[in-house]
Structures are given as structure tokens and as C-alpha cells.
Amino acid sequence: MFRRLLVAFDGSTHALRALTEAVDMAQTNSGRLTVMTVVPEPSAWALGSGYAPAVDLNDLNSQIEREYQAMLDATVDSVPSDLPVKKVLTRGPAGPAIVAEARASDHDLIVMGSRGRGELRSLLLGSVSHHVLQASPVPVLVVHVPEEPAS
């Protein structure tokens, strides 16, 4: 029975579905949740070409972190009030950050979506869910969003 669930959340539809599953599991098993969001580091190629105006990286990093914090706060606020929940915000590559949180804290299951916001990057570098599945010290539940039938 899983009672200490770590939910990796990035705002994607897959992450929303994973959160819903984790809430159901935690309520059924009198468990608790930790909802985790990882703030990505902006990459140099995403900032534009050499012809773009100079970007203040500190300001950009602060703005990105505020947006992720607001997303995390709203997500935690959506969890039923009778369910114990903790929030964690970290920076860096998502896969290693999720595994590090699982190792450092007392979780017995990681719940995450099969795909996140960085689908193009995952095609090039390997997916976050794949990394977590391979490196996690605890079981991982990867949640899929059913595809809508073509109309």
C-alpha cells in the first residue's frame, strides 16, 4: 500500500491526470502528497539569436520561478483540504531533481504523467519519465491521458 506519494507536476494535461490519480490513491489509503515542480533553467538557444536585445538572465530566472511557484501554489490549493499536502519547488533538469527528492525524503511512490511540457526536448534528450523510471529508488506510476477518438 502506497501512502507517501510524490507527484511530479509541470502543468501539462498528463500531470493533471497524474495528480488526480495520486489524490484518489492518497484518499483511499489515508496517505499524504508531496507535489513537486521543477523550474527549468533557460537554455541559451531559447533566448534568441545573437541579434536579439540583451536579456537580463537574473530577471528572466526570477520571472520563470515566480510563474512556476504560482502554478505550484494553485495546484496545491486544488487538492482537497482534508488531504495532507506539501509542496516542493526546485530548479534544474526535471528527471534528476525528481529522483533526488525521492531519495532525500520519505516517499514510497512517485506519480507522474507520461508526457510533460517539454515534449520536443524529450524527443531529443530522452524523456523525464524514462529517466525517473530508470533511476528511482521507489516504484513509479506513470499515468497516461487517454487519446480522444478522431472525429
Side-chain angles (χ1 to χ4, degrees), residues 1-48 55 57-58 60-80 83-150:
M1 177 180 322
F2 301 111
R3 298 187 56 198
R4 299 174 314 273
L5 310 176
L6 173 60
V7 182
F9 191 82
D10 67 358
S12 67
T13 56
H14 289 263
L16 286 168
R17 178 66 186 253
L19 178 65
T20 300
E21 294 293 328
V23 166
D24 288 346
M25 288 179 70
Q27 287 179 318
T28 300
N29 297 314
S30 300
R32 61 180 168 84
L33 296 179
T34 298
V35 180
M36 176 182 192
T37 296
V38 182
V39 180
E41 299 290 338
S43 61
W45 68 268
L47 298 177
V55 174
L57 286 178
N58 289 331
L60 180 61
N61 285 333
S62 295
Q63 181 181 351
I64 291 169
E65 188 162 332
R66 282 191 304 274
E67 289 174 10
Y68 274 77
Q69 184 67 59
M71 177 184 65
L72 179 60
D73 293 342
T75 301
V76 169
D77 288 346
S78 74
V79 172
L83 189 60
V85 63
K86 174 183 154 186
K87 55 187 166 183
V88 173
L89 181 77
T90 62
R91 288 189 153 276
I98 295 165
V99 171
E101 173 63 22
R103 288 186 197 285
S105 300
D106 188 27
H107 304 294
D108 53 22
L109 180 69
I110 297 172
V111 183
M112 63 188 306
S114 60
R115 293 188 184 154
R117 296 171 109 186
E119 292 183 42
L120 173 61
R121 183 178 170 135
S122 72
L123 289 174
L124 299 173
L125 301 175
S127 72
V128 172
S129 58
H130 179 74
H131 176 86
V132 173
L133 280 166
Q134 298 301 313
S136 175
V138 298
V140 179
L141 173 62
V142 178
V143 178
H144 297 272
V145 173
E147 289 187 28
E148 306 248 344

Checklist entry - CG/Leu141 to CE/Met25 distance, rounded to the nearest 0.5 angstrom? => result 6.0 Å
Checklist entry - Taking only residues at least two apart or on different chains, which pairs with a member in residues 130-140 satisfy salt bridge (Lys or Arg N to Asp or Glu O under 4.0 Å)? => result none
Checklist entry - With sequence neighbours excluded, what pairs up with Ser105 under the side chain to side chain donor-acceptor pair (under 3.5 Å) test? => result Glu101
Next on the checklist: List the residues meeting side-chain contact (heavy atoms from CB on, under 4.5 Å) with Ala135, not counting sequence neighbours, and say none if there are none.
Outcome noted: Val99, His131
Item to check | Any residue meeting side chain to side chain donor-acceptor pair (under 3.5 Å) with Gln69, in chain and number order, not counting sequence neighbours | outcome: Asp73
Checklist entry - Val35 pairs by side chain to side chain contact (heavy atoms under 4.5 Å, CB included) with which of Val88, Leu6, Val76? => result Val76
Item to check | Residues that Val138 engages under side-chain contact (heavy atoms from CB on, under 4.5 Å), provided they are two or more places apart | outcome: Ala102, Ile110, Ser136
Checklist entry - Between atom OG of Ser114 and atom NE2 of His130, what is the distance when rounded to the nearest 0.5 Å? => result 14.0 Å
Checklist outcome for this item: Shortest non-hydrogen pair, Ala8 vs Ala15, comes out as O-CB, 4.2 Å
I'd like a table of donor-acceptor pairs (distance under 3.5 Å, sequence neighbours excluded) in which one partner is a side-chain atom from residues 16-23, with atom names and distances.
unit_1 : atom_1 : unit_2 : atom_2 : d
Arg17  : NE     : Glu21  : OE2    : 3.4
Thr20  : OG1    : Leu16  : O      : 3.1

Next on the checklist: Counting C-beta onward and ignoring hydrogens, is there a side-chain heavy-atom pair between Leu89 and Val39 closer than 4.5 Å?
Outcome noted: yes
Item to check | Met112 CE to Ile98 CD1 distance, which is reported to the nearest 0.5 Å | outcome: 4.0 Å
Next on the checklist: For Pro96 versus Pro93, what's the shortest heavy-atom pair and its separation?
Outcome noted: CD-O, 3.5 Å
Next on the checklist: For Glu65, give me all partners under salt bridge (charged side-chain N to carboxylate O under 4.0 Å, His left out), at least two apart in sequence or on another chain.
Outcome noted: Arg91
Checklist entry - For Asp106, what residues pass the salt bridge (charged side-chain N to carboxylate O under 4.0 Å, His left out) criterion, not counting sequence neighbours? => result Arg4, Arg32
Checklist entry - Quick check: does any side chain N or O of Asp108 sit under 3.5 Å from a backbone N or O of Arg3, one acting as donor and the other as acceptor? => result yes
Checklist entry - Mind checking what makes side-chain contact (heavy atoms from CB on, under 4.5 Å) contact with Gln63, not counting sequence neighbours? => result Arg66, Glu67
Checklist entry - Which distance, rounded to the nearest 0.5 Å, do you find between the CG of Leu5 and the CG of Asn29? => result 8.0 Å
Checklist entry - Considering all heavy atoms of both residues, which atom of Gly113 and which atom of Ser129 are nearest to each other, and what is their separation? => result O-CB, 4.0 Å
Item to check | Nearest heavy-atom neighbours spanning Ala97 and Thr90 | outcome: CB-OG1, 3.8 Å
